[in-house]
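Only one structure is covered here, and it is reproduced in the block below.
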Amino acid sequence: MSAAGTQLPADRWRAIEIVFWVVALAAFFVFPTHRVLGSQILITGLFAVTLDLILGYAGIVSLGHAAFFGVGAYAAGILAVHGWGEPLSGLVVAGAAGAIVGYATSFLVVRGTDLARLMVTLGIGLMLFEAANQASFVTGGADGLSGVTMWKVLGLFSFDLTGSTAYLYSLAVLFVLFVIARRIVNSPFGLSLRGIRENVRRMPAIGSPVARRLIAIYTVSAAMAGVAGGLLAQTTQFVGLDVFGFPRSADLMIMVVLGGAGRLYGALVGTTVFMVAHHYLSDLNPIYWQFWLGLLLVVVVLFARGGILGALESIRDRMKGTRS
């Protein structure tokens with residue numbers, strides 16, 4: 001086998017990646033009236049990346065990933081309600097809360113097959129939803145957690161109604177955690193996750209501790225999802241029970257599949273397309289907008305293998321083949 005065949009995936013930043021992040025920053029100036037929507041897309045994009053880490057790379061299907069998002073949101077929100085509104089430390093607490101819950105539940109998730117994992121993750125999400133609903137003296141219950149007051153970011157930038165600080169703050173956090181996720185998937189650890197996804201029975205034969213690897217990535221994913229939830233609580237200064245809701249987990253699955261699972265950037269692209277389509281289609285037709293969104297999903301699944309990014313890669317490969 002040649003040396004080239006044993007190399008890890010390239011970890012160098014490609015020009016298209018740099019352009020992607022430049023465009024994300026430029027959107028702040030190009031769409032000044034949509035910064036609130038933009039910040040929501042960035043937060044949800046981060047959340048989608050965390051699902052892609054376990055779904056696209058480790059093959060762990062989940063319908064309850066909102067559990068960690070909600071834990072992080074309430075952790076950051078409750079911290080602020082009780083007088084500590086420093087944003088960065090709040091995100092650390094949110095991430096730690098997500099990691100603790102993720103690690104505690106990972107032993108149940110990694111033991112099962114796909115169907116068992118779906119049921120277990122869904123059950124965990126439903127239990128946390130009801131727990132938050134019953135603990136209204138802490139979470140606010142069905143009325144939500146209000147009174148979340150945030151301090152200025154780095155002591156300089158206050159959150160405003162235009163979403164300016166929220167957008168740049170969310171973009172910065174997304175970029176930092178995306179770099180970490182990118183490094184993980186391009187490492188030997190990330191390669192072992194792909195091996196587990198492709199053939200879980202063969203990995204132990206080459207000395208790969210399957211259960212430990214799955215627990216590790218599940219915990220990391222939960223921690224990042226907690227940070228995403230903390231971001232939502234801080235930028236909206238409110239936490240509702242819907243952060244634990246099944247629709248949030250289901251929509252997240254759609255976003256990852258739409259963009260292309262197992263690509264990281266696919267999660268971001270899928271989130272952007274889904275949320276922008278949701279925004280404009282619901283404005284055009286508040287009653288039947290889901291029909292058009294459903295049609296978009298069917299078209300992508302049938303004719304764009306690997307999601308939107310998968311389709312673009314196929315087109316690129318065909319163009320290269322034609323030129324050669």
Side-chain angles (χ1 to χ4, degrees), residues 46-76 93-135 138-139 177 181 184-185 189-190 192-205 207-230 241-257 261-262 267:
L46 173 58
F47 188 26
V49 168
T50 68
L51 178 62
D52 197 29
L53 281 176
I54 61 172
L55 175 64
Y57 289 91
I60 301 175
V61 292
S62 173
L63 281 178
H65 208 57
F68 314 118
F69 185 85
V71 166
Y74 273 108
V93 171
I100 291 171
V101 176
Y103 181 75
T105 58
S106 63
F107 299 92
L108 299 174
V109 175
V110 302
R111 293 176 58 186
T113 59
D114 287 347
L115 181 58
R117 287 170 178 170
L118 283 173
M119 295 298 100
V120 170
T121 53
L122 178 60
I124 291 171
L126 293 175
M127 287 191 296
L128 287 175
F129 178 94
E130 192 57 36
N133 186 31
Q134 293 298 321
V138 176
T139 64
L177 293 186
I184 289 174
V185 300
F189 175 76
S192 69
L193 292 178
R194 299 183 195 191
I196 293 171
R197 179 194 65 194
E198 295 299 326
N199 197 320
V200 67
R201 294 183 178 180
R202 289 188 178 181
M203 291 305 290
S208 179
V210 172
R212 283 192 292 174
R213 295 289 167 85
L214 292 181
I215 289 172
I217 194 60
Y218 195 78
T219 303
V220 170
S221 172
M224 291 186 176
V227 172
L241 283 177
D242 65 298
V243 294
F244 283 122
F246 170 73
R248 189 177 295 273
S249 294
D251 287 349
L252 195 70
M253 180 77 74
I254 293 172
M255 294 174 198
V256 172
V257 174

Contacts table for residues 93-113: side-chain donor-acceptor under 3.5 angstrom, sequence neighbours left out:
residue	atom	partner	partner atom	Å
Thr105	OG1	Val101	O	2.9
Thr105	OG1	Gly102	O	3.3
Ser106	OG	Tyr103	O	2.8

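With sequence neighbours excluded, the residues that form a side-chain contact (heavy atoms from CB on, under 4.5 Å) with Ala222 are Phe68. A search for side chain to side chain donor-acceptor pair (under 3.5 Å) contacts involving Thr121 returns nothing, not counting sequence neighbours. Remark: Ala132 engages Tyr74, Thr139, Leu241, Phe244 in a side-chain contact (heavy atoms from CB on, under 4.5 Å) (not counting sequence neighbours). Taking the side-chain contact (heavy atoms from CB on, under 4.5 Å) definition, one finds that Ser192 meets it with Phe189, Met203, Ser208, Arg213, sequence neighbours left out. When the side-chain contact (heavy atoms from CB on, under 4.5 Å) test is applied to Ala58, the partners found at least two apart in sequence or on another chain are Ile60, Leu193, Leu214, Ile217.
Here ring pair (Phe, Tyr, Trp, His ring centres under 6.0 Å) pairs that include residues 111-132, with residues two or more places apart or in two chains, number zero. Sorted by first then second residue, the salt bridge (Lys or Arg N to Asp or Glu O under 4.0 Å) pairs that include residues 246-257, not counting sequence neighbours, are Asp242-Arg248. Residue pairs that meet the side chain to side chain donor-acceptor pair (under 3.5 Å) test with at least one member in residues 48-58, sequence neighbours left out, are Thr50-His65.
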Walk me through it: do Leu55 and Ser62 pass the test side chain to side chain contact (heavy atoms under 4.5 Å, CB included)?
CA-CA 8 Å; Leu55 175 64; Ser62 173; over 6 Å; no
Go through it in stages, so that I can follow the logic: the residues are Leu46 and Leu177, the test is side chain to side chain contact (heavy atoms under 4.5 Å, CB included), and I'd like the CA-CA distance, side-chain angles, deciding distance and then a yes or no.
CA-CA 8 Å; Leu46 173 58; Leu177 293 186; 3.8 Å; yes
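Here the straight-line distance linking atom OG of Ser249 with atom CG of Leu118 works out to 11.0 Å at 0.5 Å rounding. Put simply, CZ on Phe69 and CG on Leu51 are 12.5 Å apart, with the number rounded to the nearest 0.5 Å. In this structure, CE on Met127 lies 10.0 Å from CG on Leu122, to the nearest 0.5 angstrom. The structure places OG of Ser221 at 5.5 Å from CG of Leu53, a figure rounded to the nearest 0.5 Å.
Considering every non-hydrogen atom in both Ala66 and Phe47, the closest pair reads CA-CZ, 3.7 Å. The heavy-atom pair separating Gly230 from Ala76 by the smallest distance is CA-CB, 3.7 Å. The two residues Pro209 and Gly207 have their closest heavy-atom pair at CD-O, 3.4 Å. The two residues Ala181 and Val49 have their closest heavy-atom pair at CB-CG1, 4.2 Å.
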